Structures are given as structure tokens and as C-alpha cells.
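Here's the structure we're looking at; comments come further down.
This is a predicted model, so every value here is computed, not measured. Reminder, nothing fancy here: chain letters follow the sequence lines and each chain counts from 1.
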Amino acid sequence: MLDIKQIRANAEAVQAKLSLRGGDYDLQPLLELDSKQRDIETRRSQLQSRSNNIGKEVGQKIKGGSDPKGPEVAALREEGNSLKKQLADLEPEEKELKVKIQDILLTLPNLPSDSTPEGKSEEENVEISRWGDDKKRGPEGILPHWEIGEKLGIFNFERSVKVAQSRFVTLMGAGAALERALISFMLDKQIEAGYIEALPPILVNSESLTATGQLPKFAEESFKCADDDLWLTPTAEVPLVNLYRGDILDSEQLPINHCAYTPCFRREAGSYGRDTRGLIRLHQFNKVELVKIVSPETSEAEHETLRTNAEAILQALELPYRVIELCSGDLGFGAAKCYDLEVWLPSAETYREISSCSNCYDFQARRANIRYKEAGKKGTQFAHTLNGSGLAVGRTMAAILENYQEPNGAVKVPTALQPYLNQDVL
RNA sequence: GGAGAGGUGGCAGAGUGGUCGAAUGCGCUCGACUUGAAAUCGAGUGUACCGAAAGGUACCGUGGGUUCGAAUCCCACCCUCUCCGCCA
């Protein structure tokens with residue numbers, strides 16, 4: 001959520017930043033509601049103040065021996081009643097304005113950071129670096145991962161349709177073991193890097209989804225339980241960040257670093273026909289997620305660290321990848337700055353997103369009310385939250401199946417992964 | 001699912017209509033005493049909003065209601081705990 005005070009003070013600058021994302025954002029109605037609300041608040045609190053005093057005066061009079069039914073007290077009562085009527089008009093009006101303001105604020109995306117490149121769409125994303133040799137494996141003789149996977153019998157899409165629907169997979173035998181190995185490997189690496197492992201709930205309530213930014217705008221993206229206020233998590237970022245919702249942390253507690261493996265669930269509404277084959281775009285997929293809660297001064301540096309931690313997995317698995325910095329127009333709703341890691345998929349001769357590392361600044365912290373306090377200092381500050389995949393497990397499996405494919409159709413297990421599996425060839 | 005208990009400040013815990021943002025204890029901060037520490041004594045110690053400031057307002061699980069006045073009374077809801085049942 002954006003800071004209404006900042007919008008008030010620098011409406012034009014905020015407007016300009018928002019428009020870098022593309023789309024129309026008119027802050028004028030918001031500002032009008034805001035000034036109206038504050039007007040009413042001032043009036044209301046003055047009336048309330050008088051009303052509070054009347055209450056006290058009545059109490060004093062009665063204690064002091066006045067007749068509770070006498071004229072003195074009756075006059076105060078009458079004034080109290082008249083104030084009550086006025087307040088009864090103002091209160092709902094103010095409440096309604098506050099709701100309207102909040103509703104608007106909740107739908108405004110984060111401002112791109114100053115360092116985010118300007119651009120309209122993903123075309124204008126900026127490549128930061130490349131790692132590994134993407135020429136080592138051309139498309140010749142390489143089966144796309146879904147074909148080699150079916151061939152090896154390590155996953156099955158058709159039967160999964162029967163169980164659930166399309167865009168679900170069942171991993172079998174070595175496929176299941178490989179997925180499990182990848183999860184363990186990724187977690188171990190991140191624990192080594194200083195993250196504390198969490199295994200959080202994967203059903204989350206509406207408040208949690210609102211705090212991290214999936215609600216209210218993107219309700220159609222998540223699966224909702226019919227009879228409860230619970231949703232299937234689209235990413236572990238949601239439960240991890242919300243663990244600290246409403247907290248006032250000590251500055252010594254920061255940075256908080258968590259890694260978590262969870263299944264993730266996405267409805268993928270509006271992506272019909274895209275990536276219909278394989279492990280790239282499923283309704284349910286596994287992911288190891290990294291989350292950091294940090295102080296603002298350190299958040300830029302922490303963002304680089306987070307990205308490096310995610311990159312370390314690709315490097316350890318010796319998968320060629322590149323780092324992209326998203327331009328303002330391609331930035332996710334809550335992100336101020338974002339790097340995508342894209343892994344090389346030789347069958348398609350393209351890089352595909354396998355991790356997204358975002359710095360949300362105080363956007364989520366403000367929604368989630370996550371603050372911290374510095375010892376000796378007055379007041380609190382909103383923390384900064386960061387998140388990144390370390391990594392999407394299914395997509396990692398896809399990358400391995402292609403990049404490690406031998407001409408005879410065998411798939412070697414990456415060296416780093418061999419301690420986690422009972423076989424070194426699939 | 002059934003029955004019961006309960007939700008008050010960092011924690012414990014008092015408060016059942018009147019100056020209660022809330023006693024008391026612990027914790028924490030600062031100061032005194034001390035060579036230092038402990039003990040002791042003194043002072044302080046929630047969050048947010050409005051306001052240039054003075055100051056004001058809100059918050060005792062949440063939302064309503066009664067009243068001049070609600071932590072306290074009434075209604076609804078949520079959550080937690082205990083026991084029973086069921087269950088991985």
C-alpha cells in the first residue's frame with residue numbers, strides 16, 4: 001500500500017511513478033476523499049471532545065451532591081443528546097470515506113524504484129548478466145522435457161487429468177525422487193546461506209492475501225475454499241510474510257531470513273493455451289521460497305544478496321541462466337524492483353523464468369503492518385520485505401531434463417544432486 | 001461435531017457504569033547508592049490518527065446496541081484453551 005501522506009505531499013511525483021507502470025492512475029478522486037475525510041475527522045473529534053467532557057462533568061456533579069434528576073444535570077444530558085445526534089451523522093460518513101480511501105489504496109500498485117529501468121512491457125526488460133554455456137546444448141536431438149519425461153516414465157499428465165484436471169502432473173518413481181531431492185538440496189543450500197527453514201500453512205486467510213497484495217485485485221488468480229475464509233497459497237511468500245503481520249519487531253531481530261518449501265497453487269486464469277505442455281505452467285507446483293524482512297537502509301543490499309542466493313542454486317546445478325531486471329511496465333503489483341532469473345531450455349532455445357526476486361520496499365509492510373523499533377529511538381518504522389524463488393522446483397526439473405539429456409535419451413543427474421538420489425542417471 | 005472456560009498494555013494480572021489509557025507485580029530504560037555487580041531507592045516506559053502548535057481523538061478480541069458517560073451492561077460474530085467424540 002502506498003503512503004497516503006506521501007500521496008498528499010507529492011501527488012504529482014507519485015502519479016508520474018505510477019504511470020511508468022502503464023495504465024491509468026488518477027489520484028485526484030483519492031485526494032478529494034482524503035481531504036473530506038480529514039475535515040470530518042476534525043469536526044467529529046471536536047464534538048467527541050465536548051461530549052467526553054459532558055460525561056465527566058455529570059459524573060463530578062453527581063459525586064459532588066447534585067441531584068441526578070435536577071435541572072443542572074438535565075441540561076448537560078440534553079447537550080449530550082444533541083451532540084450524540086450530530087455525531088451519529090458524522091460517524092457513518094467518516095467511516096464510509098475511510099473505507100473508500102482504503103479500497104482505492106489497496107488497488108494501487110507499488111511505485112517502481114528509482115533504479116528500475118523505464119519501459120512499457122517485457123520487451124524492455126534489461127539483461128543484467130548471463131551464466132553458463134547456453135550453446136553447449138542446441139535444440140538438435142533434444143526432446144522437450146515433457147516428451148523425455150513421459151518416455152522415462154517419470155511423470156504422467158494424462159492420469160492426472162482424471163484425478164484433478166488439466167495442468168496437473170503426477171511425478172512417478174525417479175521423477176518423484178528427483179523432485180524431492182531438488183527440494184532438499186535447495187533448502188539445504190539456503191539454510192547454509194543463513195535462512196531459517198519454515199514449513200508454514202499452505203491455506204491462508206483473506207487478510208493474509210490482502211497483506212501481501214494478492215487481494216483484493218487478483219482474487220481470480222487463487223483457489224478459494226468454498227466454506228471457509230481460506231485460500232490455497234499461490235506462493236510461500238504469503239504465509240512467510242504474514243507470520244509477522246501486525247508485529248513491532250526490535251531492530252536487532254532484523255534481518256529475518258526464511259526459506260520454505262511449499263506447494264503453490266495458481267488458477268492461471270487467462271493463460272489458456274499458454275505453456276499447455278510440460279511442467280512450466282501448472283495449477284500446482286512446488287517451490288522453495290526465500291523471504292527477507294529487513295530495515296530500509298539495508299534492503300537494496302539484501303535484495304542483491306537474495307538474488308545471489310537464488311543464483312547459487314542454478315550455478316550449483318550447472319544450469320545456464322541469465323538475470324533480467326524487469327522494467328517498470330513489467331513489474332509485479334507489489335514490487336518496487338525485481339530481478340528475474342531465467343534458465344536455459346535448449347529444446348525451445350529460450351530462457352524461461354525460474355525465479356523472481358522482488359524488493360517490495362514498505363509496500364507489503366504497510367499492508368501487513370510490520371514495523372520495527374530501534375532501541376532508544378522513539379516511534380516505529382515500516383520494515384522492507386523481499387521475496388524470491390530459490391527456485392521453482394518443477395521448472396528446475398524441466399531444465400535438468402533438457403540440459404542434462406544425453407543423445408541416447410538418458411538424463412544425467414547433476415553432480416550436486418547425486419548425494420540426494422540413489423541414481424546418477426535417470 | 002458436543003460441553004465448558006476465557007480473550008485487558010512486552011509478560012503476568014486487577015478492574016462489573018463515572019476524571020480508566022487503565023491498579024499492582026515482573027521486565028525494560030535512565031538516575032542515585034556501590035571499586036564493580038547484586039540488592040535497594042527514585043523517575044520513566046503502548047500504538048495510531050488529526051493539528052503549525054497548544055492540544056484533541058481512537059484503541060481493553062471484532063462489529064453493533066443501551067447511556068449524558070461503557071474495559072465494565074445487552075446482542076451477534078471471531079479466536080484461543082480444556083474435556084469428550086472423530087481422525088492423519
ring-ring contact (aromatic ring centres under 6.0 Å, His included) partners of A:Y261, counting only residues at least two apart: none
Which residues pass the ring-ring contact (aromatic ring centres under 6.0 Å, His included) test with A:Y321, sequence neighbours left out? A:W131
For A:R245 and B:C79, what is the distance between atoms CZ and P respectively, to the nearest whole Å? 13 Å
Listed partners of A:P112 passing side-chain contact (heavy atoms from CB on, under 4.5 Å), at least two apart: A:K17, A:L20, A:R21, A:T116, A:S328, A:L331
Within this structure, what is the CZ-to-P distance between A:R38 and B:A58, rounded to whole angstrom? 20 Å
I want to check one thing: is the phosphate of B:U57, taken as OP1 and OP2, less than 4.0 Å away from some side-chain N or O of A:R50? no
Roughly how many Å apart are B:C78 and B:A88, using the P atom of each and rounding to a whole number? 28 Å
Should A:T42 be listed as having a side-chain N or O under 4.0 Å from OP1 or OP2 of B:U57? no
Please tabulate the protein-to-nucleotide N/O contacts below 3.5 Å involving nucleotides 60-67 of chain B, giving atom names and distances.
{"from": "B:G64", "atom 1": "OP1", "to": "A:K95", "atom 2": "NZ", "distance (Å)": "2.5"}

Using the C1' atom as the point on both nucleotides, what is the distance between B:G69 and B:G18, in whole Å? 7 Å
With A:K120, which residues qualify under salt bridge (charged side-chain N to carboxylate O under 4.0 Å, His left out), at least two apart? none
Sequence neighbours excluded and cut-off under 3.5 Å, please list the side-chain donor-acceptor pairs for residues 252-259 of chain A, or say none.
{"from": "A:Q253", "atom 1": "OE1", "to": "A:D250", "atom 2": "N", "distance (Å)": "2.7"}
{"from": "A:N257", "atom 1": "OD1", "to": "A:K292", "atom 2": "NZ", "distance (Å)": "2.9"}
{"from": "A:H258", "atom 1": "ND1", "to": "A:I196", "atom 2": "O", "distance (Å)": "3.0"}
{"from": "A:H258", "atom 1": "NE2", "to": "A:Y244", "atom 2": "OH", "distance (Å)": "2.7"}

Only distances under 3.5 Å count here; give the side-chain donor-acceptor pairs of residues 217-227 of chain A to other protein atoms, sequence neighbours excluded, each with its distance to 0.1 Å.
{"from": "A:K224", "atom 1": "NZ", "to": "A:D228", "atom 2": "O", "distance (Å)": "2.8"}

Using atom C1' of each nucleotide, how far apart are B:A54 and B:A38 to the nearest Å? 45 Å
Check side-chain contact (heavy atoms from CB on, under 4.5 Å) between A:N422 and all other residues, then give those that pass, not counting sequence neighbours. none
Using whole Å, report how far CD of A:E94 lies from P of B:A48. 19 Å
Check this for me: A:E122, atom CD, are more than 12 non-hydrogen atoms of other residues, nucleotides or ligands nearer than 6.0 Å? no
Protein-nucleotide distance (A:Q86, atom CD; B:C68, atom C1'), rounded to Å: 14 Å
Between A:K61 and B:C68, is there a side-chain N or O to OP1/OP2 distance below 4.0 Å? no
Could you check whether any side-chain heavy atom of A:I154 comes within less than 4.5 Å of a side-chain heavy atom of A:M172, counting everything from C-beta outward? no
With a non-hydrogen cut-off below 4.0 angstrom, is A:I62 in contact with a base, only sugar-phosphate, or nothing? base
Between the protein and nucleotides 52-56 of chain B, list the N/O to N/O atom pairs that are separated by less than 3.5 angstrom.
{"from": "B:G56", "atom 1": "O3'", "to": "A:S49", "atom 2": "OG", "distance (Å)": "3.1"}

Taking for each residue the nucleotide of RNA chain B with the nearest heavy atom, is it A:R44 or A:K5 whose nucleotide lies nearer the 5' end? A:K5
From CD1 of A:I54 over to C1' of B:G69, roughly how many Å is that when rounded to an integer? 10 Å
Rounding to the closest angstrom, what is the interatomic distance between B:G27 and B:C77 at atom C1'? 35 Å
Would you say the ring centroid of A:Y339 lies under 6.0 angstrom from that of A:H303? yes
Is A:R366 touching bases, backbone alone, or none of the nucleic acid, heavy atoms closer than 4.0 Å? nothing
Please state the P separation for the pair B:C26 and B:G65 - nearest whole angstrom. 42 Å
So, A:Q418 side chain and A:V413 main chain: donor-acceptor pair closer than 3.5 Å or not? yes
A:A336: which residues meet the side-chain contact (heavy atoms from CB on, under 4.5 Å) condition with it, sequence neighbours left out? A:N110, A:S113, A:Y361
In whole Å, what is the span from the CD1 atom of A:I248 to the P atom of B:U45? 17 Å
Taking atom C1' in both B:C68 and B:G17, compute the distance separating them and give it to the nearest angstrom. 12 Å
Atom CD of A:Q60 to atom P of B:G69: distance rounded to whole Å? 16 Å
Measuring only the C1' atom in each nucleotide, how far is B:G15 from B:C33? A whole number of Å is fine. 37 Å
Report the distance from atom CG of A:D250 to atom C1' of B:U29, rounded to the nearest whole Å. 13 Å
Could you measure between the two C1' atoms, the one in B:A22 and the one in B:A58, and give it in whole Å? 15 Å
Take A:N53 and A:G59, find for each the nucleotide of RNA chain B with the closest heavy atom, and name the residue whose nucleotide sits nearer the 5' end. A:G59
Strictly by ring pair (Phe, Tyr, Trp, His ring centres under 6.0 Å), give each pair with a member in residues 164-193 of chain A just once, sequence neighbours left out. A:F168-A:H283, A:F185-A:Y420
For RNA chain B, what string of dots and brackets results from 5' to 3' when Watson-Crick and G-U pairs need both distances under 3.5 Å, crossing pairs get [ ], and pairs with another strand get |? ((((((((.[[[..)..(.....]]]((((((.......))))))(((((....))))).[[[[[..)....]]]]])))))))....
